[in-house]
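A short worksheet on the structure shown next.
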Amino acid sequence: MLNHLVDIKNLDKKQIIELVEMAKAFKNGNLQSSVQNKSMMTMFFENSTRTKCSFELAGKRLGLNILDFNVPQSSLSKGESLKDTLENLYFIGIDTIVIRTGENGFFKNILNKMSHPLIFINAGEGSKAHPTQALLDFMTMDEKIGELKDKKITIIGDIAHSRVAKSNIELLNKFEADVHLCSPDEFKDNNIENATHHSNLPEAIENADVVMMLRVQKERHESLGCDFKDYIEKYQLNSQTLERYAPKAILMHPGPVNREIEITSELLDGTKGKTILEQAKNGVYMRMAILNTLLKNVRGK
Ligand code: CP
């Protein structure tokens, strides 16, 4: 049974497939909520558009009571510890809390401290994990190209600072995809195994089934370790390059996109760019599936 959703590591293939099937059933209108009137709170310590809005809409569609924790106006600013805050929120009536944090290791630390069964959902954790993004990406790939075993999936950009890359790599390896990463040395993560590292973009995307572009995570760099002009020259993707080296590939990006840095506007606004908006749409259905699964066994308050 799934108690929290904080890392792809904690999910097995069967649980992932069940979440995807449930998300598809919600998308097709074939499934009703099992969790009406349970309570969800969003607590975002970092900015978000897609993740926060899609959790809120997913919760509304499931008939949840939804609250947003206003960080600057909360009693955290009066010195209350996060553990005390969270335990009070549980007793106020919150069943699940969707948290985005800049702190790597946040969920491991807080789960070790908690003595009440508040359900945690990781909505993005530093450069470490973004499991709900990886799940919605998996759903999108499954819809577009089917089974991922031996499919070539190339992830390009700031791998070292990207939580999306980490969670996707974890998930793709569970399904035996052929994972390729492409970045300049400054953005390479040498701790990542089970993936082929490249520094040359055409070589990395050659005959790929999926090309996933990433934003340079400027907010996580103490100083930008590379020259942007040089980065654009070597790692920006345009239609011509994609068509030449990976004509059958679907194009993905978790968003937000920095136009004309990692990807050109003509590529983003063309046919291939449409999958990126489908990812955002699938985010709502995947988050419905996650909430419906986690909250099913919550006791009434
Ligand atoms: N992909 C993603 O996490 O986007 P937001 O930062 O807008 O939530």
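Ligands are counted one by one from 1 in listed order, and the atoms in each one are counted from 1 as well. Below, all heavy atoms of this structure are taken into account, side chains as well, without hydrogens, waters or symmetry copies.
With respect to atom 7 (O) of ligand 1, the closest heavy atom belonging to the protein is T49 N, 2.8 Å. Ranking the protein heavy atoms by distance from atom 4 (O) of ligand 1 puts R50 NE, 3.0 Å first. What sits closest to atom 1 (N) of ligand 1 on the protein, heavy atoms only, is P254 O, 2.8 Å.
More than 12 heavy-atom neighbours from other residues, nucleotides or ligands sit within 6.0 angstrom of CD on E260.
If you check each of S48, S54, A280 against atom 8 (O) of ligand 1, the one with the closest non-hydrogen atom is S48.
Under 4.0 Å is where a charged nitrogen must lie from a carboxylate oxygen, and between E278 and K274 no such pair does.
Here the side chains of L82 and L76 are in contact, with some heavy-atom distance below 4.5 Å.
Heavy-atom distances between G255 and ligand 1 reach below 4.0 Å in at least one pair. Ligand 1 has R100 within reach: a non-hydrogen atom of the residue lies less than 4.0 Å from it.
In summary, the aromatic rings of F187 and Y235 are positioned with their centroids too far apart to meet the 6.0 Å limit. Checked against the 6.0 Å centroid threshold, F91 and H116 count as a close aromatic pair.
In this structure, CG on L251 lies 4.5 Å from CD1 on I276, to the nearest 0.5 angstrom.
Inclusion of K52 in the set of residues having an N or O under 3.5 Å from an N or O of ligand 1 is not warranted.
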